[in-house]
Amino acid sequence: MRFANIAGRASLITASGAVDVARASELRFPAQPELLYEMWSDFREWAQTVDSSNGEAYQAKDLGAPSPRPSQVFALALNYAPHAAEGGFSPPTEPLVFTKFPSCITGPETEVTIPGLTLDWEIELVVVIGKFARNVKAADAWHYVAGLTAGQDLSERSVQYSGTPPQFSLAKSFRGFGPTGPMLCTPDEFVSPDDLALSSQLNGVTVQSSRTSAMIFSIPTQIEKISAICDLRPGDLIFTGTPEGVGHRHDPPRYLQVGDVLTSSIETIGELRQTFRR
Ligand code: ZN
């Protein structure tokens, strides 16, 4: 199943276009995407019965975040060995987890205000939780996943490294620093949800390109480790880490500037597109 937030309304994306969930279900399910995660298994069951020939056209500019009001947003640092190495770090032996504060989450096509001189990109696969999760074992973890989407973990590096130890969470939570979308795909949409091509392009030039199978801590392991400490709630997000090729580690460093166009893609899920202003 492919699911999107179109102008704030939960929608199924079918071969014929978008189907509005509240209307097609005659209000059995709510219009607000954020409420659907509380009833995800019922929703998925109903979605299989929907007539997919009645989809309507929609515009990319109307897409919002698939999970627009997560109660928590977890994110992993240094979860790809080459990215750890480009920063001069050893691969972590335990997941390094920080938060992007939920107010930074946006839809897939946005204009972002540059807050400083060192704004950087990080394409990431994002997990959307579909079921309350506490002490979940890795072997069961996919049952707690509503689906996968793409995310940009935009990062202001000067703020991030302004002190010791570094300050990840604020540096990665400026307004607009969490683009997500363009849609959520349930795990069965993928041949292998553990092995997806992901990349980012700056003004059409590829700057990051890897596969999610290169993660140090897999999605099931992340859910096991996090849910041993924090309860995961429906709609919560996990940014699963970025591969090598961030601008901060270019020589010389390359930061985002007015006029840049950043696109970020994950196979099957689609593309994010950010432009930048002062
Ligand atoms: Zn990141």
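Counting starts at 1 for both ligands and their atoms, in listed order. It should be emphasised that the depicted structure is a prediction, and the values quoted were computed from it without experimental measurement. Sequence positions, counted from 1, serve as the residue numbers for this chain.
- Relative ring orientation between Tyr37 and Trp40 is described as parallel, the plane-to-plane angle staying below 30° on a 0-90° scale split at 30° and 60°.
- Ion pairing between Glu267 and Arg211 holds under the 4.0 Å rule for side-chain N and carboxylate O.
- With Asp120 as reference, Arg157 is the one residue of Arg157, His250, His248, Arg254 to meet the side-chain hydrogen bond (donor to acceptor under 3.5 Å, both in side chains) rule.
- Counting only distances under 2.8 Å, and ignoring water, the protein N, O or S atoms around the Zn ion (ligand 1) are Glu122 OE1, Glu124 OE2, Asp153 OD2.
- Of the possible polar contacts, one joining the Glu189 side chain to the Met1 backbone as a donor-acceptor pair under 3.5 Å is found.
- A salt bridge is defined here as a Lys NZ or Arg NE, NH1 or NH2 lying under 4.0 Å from an Asp or Glu carboxylate O, and Glu122 with Lys172 meets this definition.
- Remark: Pro68 engages Asn5, Pro33, Glu34, Ala65 in a side chain to side chain contact (heavy atoms under 4.5 Å, CB included) (not counting sequence neighbours).
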